[in-house]
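Some notes on the structure that comes next.
We're numbering straight along the sequence, starting at 1. No experiment lies behind these values; they were computed from the predicted model shown.
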Amino acid sequence: METQDYLKEFYENHCDEDARLQSHHGRVEFLTTMRYVEKYLKPGDRVMEIGAGTGRYSHALAQKGYSVDAVELLEHNIEVFKRNTLPGESVTIRQGNALDLSEFPDNVYDITLLLGPLYHLFTAEEQKKALTEALRATKPGGVVFAAYCGSDATAIQVCFGKGMLRDPRVKALVDPVTFKLSSTPEEVFTQHRREDIDALMDSLPATRLHFVGTDLFTLYMKDSIDQMDGELYELYLHYHFAVCERPDLVGASNHYLDIFQKH
């Protein structure tokens with residue numbers, strides 16, 4: 001199967017992205033990302049979301065009064081996105097690929113979200129192309145938010161927590177010395193460490209503002225977090241926000257958020 005076929009099968013049959021980001025544990029990633037996006041939003045800003053999925057972030061920002069243009073690869077996600085659109089939202093959605101945004105002009109958007117595509121691009125060339133396209137569409141001085149999956153969290157939870165390192169197919173994806181994970185389109189998600197992301201950013205016309213673990217330890221204890229009452233959950237969020245940029249902790253996160261400003 002082609003990469004797009006694996007994605008289509010996964011998102012149509014195995015992933016409810018709306019529900020994932022609305023559970024107690026899923027909201028940690030969502031609230032952390034929104035906290036940083038809102039840090040840089042200004043009245044009248046134009047927002048672009050590349051790989052918008054079903055529109056959780058696009059709709060949230062449109063409901064706050066921002067003008068949002070969204071791009072999504074999969075028809076299934078676009079249909080859900082449209083169903084989720086509320087009256088009065090200034091939001092558009094079109095089908096497109098993060099590797100080719102030629103329908104969009106240069107230097108238009110104040111805030112650009114690239115929160116999904118880098119999960120599913122499997123070569124450094126494709127990943128850098130997606131970053132370059134996002135930067136091209138962003139105004140000088142604008143801010144780009146790029147999300148990645150963390151390699152070590154997957155190693156801990158899947159390879160060891162679920163014992164799947166015994167599976168020869170999984171074992172073949174694990175470096176026997178460093179335990180860095182590789183991936184293929186069949187696994188759907190590509191895995192990164194901080195140094196991989198630093199290498200991608202090298203030579204791009206941008207300056208990093210933050211590097212964030214958007215869920216840190218959340219998925220390691222998701223059942224406990226889902227059972228927290230409101231008071232304890234709020235305290236957990238305060239703790240998480242206080243430590244989510246700590247360099248000694250961020251590598252344990254399932255998801256990273258790289259935030260950078262275009263020169």
Is it the case that His240 and Thr32 place a side-chain donor and acceptor less than 3.5 Å from each other? yes
Using atom types as modelled and distance alone, determine if a side-chain donor or acceptor of Asp215 lies under 3.5 Å from a backbone N or O of His255. yes
Do Arg166 and Lys171 have side-chain heavy atoms sitting under 4.5 Å apart? no
Heavy atoms of other groups near Glu231 CD, more than 12 under 6.0 Å: no
Looking at Leu121, is its backbone amide N or carbonyl O close enough to the side chain of Gln127 to form a donor-acceptor pair, meaning the two atoms are under 3.5 Å apart? yes
State whether the side chain of Thr138 and the backbone N or O of Tyr109 hold a donor-acceptor pair below 3.5 Å, judged by distance alone. no
Closest non-hydrogen atom pair, Leu101 against Ala98: CG-O, 4.1 Å
Hey, any chance Ile78 and Ile50 share a hydrophobic cluster, counting ILVMFWY side chains that come within less than 4.5 Å of each other, even indirectly? no
dist Leu173:CG -> Ser183:OG (nearest 0.5 Å) comes out at 6.5 Å
Can you tell me how far apart OG (Ser151) and NZ (Lys180) are? Round to the nearest 0.5 Å. 4.5 Å
Does a donor on one side chain and an acceptor on the other come within less than 3.5 Å for Thr214 and Tyr36? no
If you measure only the distance, is there a donor-acceptor pair under 3.5 Å linking the side chains of Glu29 and Asn254? no
Heavy-atom pair of closest approach, residues Leu61 and Met34: CD2-CE, 3.7 Å
Checking Ile197 against Arg208 for the side-chain contact (heavy atoms from CB on, under 4.5 Å) test, could you report, in this order, the C-alpha distance in whole Å, the side-chain angles of both residues, the deciding distance, and whether it holds? CA-CA 11 Å; Ile197 300 166; Arg208 177 174 285 151; 3.8 Å; yes
Salt bridge (Lys or Arg N to Asp or Glu O under 4.0 Å) contacts in which one or both residues fall within residues 109-120, not counting sequence neighbours: Asp110-Lys139
Shortest non-hydrogen pair, Val91 vs Ser58, comes out as CG2-CB, 4.4 Å
Would you please name every residue forming a side-chain hydrogen bond (donor to acceptor under 3.5 Å, both in side chains) with His24, sequence neighbours left out? none
Compute the centroid of each ring, for His120 and then for Phe189, and state whether the two points are separated by less than 6.0 Å. yes
For the pair Ile259 and Val37, evaluate side-chain contact (heavy atoms from CB on, under 4.5 Å) and give the outcome as yes or no after the intermediate values. CA-CA 9 Å; Ile259 305 168; Val37 172; over 6 Å; no
side-chain contact (heavy atoms from CB on, under 4.5 Å) for Phe145 and Tyr57? Distances and angles first, verdict last. CA-CA 12 Å; Phe145 297 75; Tyr57 291 97; over 6 Å; no
Identify whether Leu114 and Tyr119 are in the same connected component of the hydrophobic contact network (ILVMFWY, side-chain heavy atoms under 4.5 Å). no
Taking atom CE of Met221 and atom CG of Leu216, what is their separation to the nearest 0.5 Å? 11.5 Å
Close side-chain approach of Asp258 and Met201, heavy atoms under 4.5 Å: yes
So, do Glu126 and Pro117 sit near enough that their side-chain heavy atoms are less than 4.5 Å apart? no
Answer yes or no: is there an ion pair linking Asp226 with Lys222, defined by an N-O contact shorter than 4.0 Å? no
At their closest point, which heavy atom of Asn107 faces which heavy atom of Pro140, and how far apart are they? OD1-CD, 3.7 Å
Taking all non-hydrogen atoms of both residues, which atom of Leu181 and which atom of Cys159 are closest, and how far apart? CD2-SG, 4.0 Å
Could you report the tightest heavy-atom contact between Leu200 and Ala124, atom names first, then the distance? CD2-O, 3.7 Å
Under the side-chain contact (heavy atoms from CB on, under 4.5 Å) criterion, do Leu118 and Leu131 qualify, and how do the steps go? CA-CA 9 Å; Leu118 293 164; Leu131 290 165; 3.9 Å; yes
Ignoring hydrogens and angles, tell me if any N or O in the side chain of Asp167 forms a donor-acceptor pair with the backbone of Met164 under 3.5 Å. no
Could you state the interatomic distance from CG (Leu204) to NE2 (His263), rounded to the nearest 0.5 Å? 9.5 Å
Out of His238, Met228, Gln227, which one pairs with Tyr233 under the side chain to side chain contact (heavy atoms under 4.5 Å, CB included) rule? Met228
Treat each ILVMFWY residue as a node, draw an edge where side-chain heavy atoms are under 4.5 Å apart, and state whether Tyr148 and Leu249 are in one component. no
In this structure, CG of Leu209 is separated from NZ of Lys39 (nearest 0.5 Å) by 9.0 Å
Does Gln95 reach the main-chain N or O of Leu73 with its side chain, forming a donor-acceptor pair under 3.5 Å? yes
Cluster link Val28 to Val250, ILVMFWY, side chain under 4.5 Å: no
Determine yes or no for a side-chain-to-main-chain donor-acceptor pair under 3.5 angstrom, with Ser253 supplying the side chain and Tyr256 the backbone. no
What I want to find out is whether Arg136 reaches Glu133 closely enough, with some N-O distance under 4.0 Å, to be called a salt bridge. yes
Are the side chains of Leu41 and Val143 in contact, using a 4.5 Å heavy-atom criterion? no
Taking Tyr220 for the side chain and Ala252 for the main chain, is one N or O donor matched with an acceptor at less than 3.5 Å? yes
Option from Thr154, Asp196, Asp152 for which side chain to side chain donor-acceptor pair (under 3.5 Å) with Gln191 holds: Thr154
Look at the side-chain heavy atoms of Ile, Leu, Val, Met, Phe, Trp and Tyr, link any pair under 4.5 Å apart, and say whether Leu135 and Leu99 land in one connected group. yes
Look only at the side chain of Thr218 and the backbone of His25, and say whether a donor-acceptor pair between them is shorter than 3.5 Å. no
Quick one: does Glu72's side chain have a donor or acceptor within less than 3.5 Å of a partner on Ala52's backbone? yes
As an exercise, state the distance from NZ of Lys82 to OG1 of Thr54, rounded to the nearest 0.5 Å. 14.0 Å
Ring centroids only, cut at 6.0 angstrom: are His59 and Phe81 within range, meaning strictly under it? yes
So do Tyr66 and Ile111 actually touch side chain to side chain, heavy atoms under 4.5 Å? no
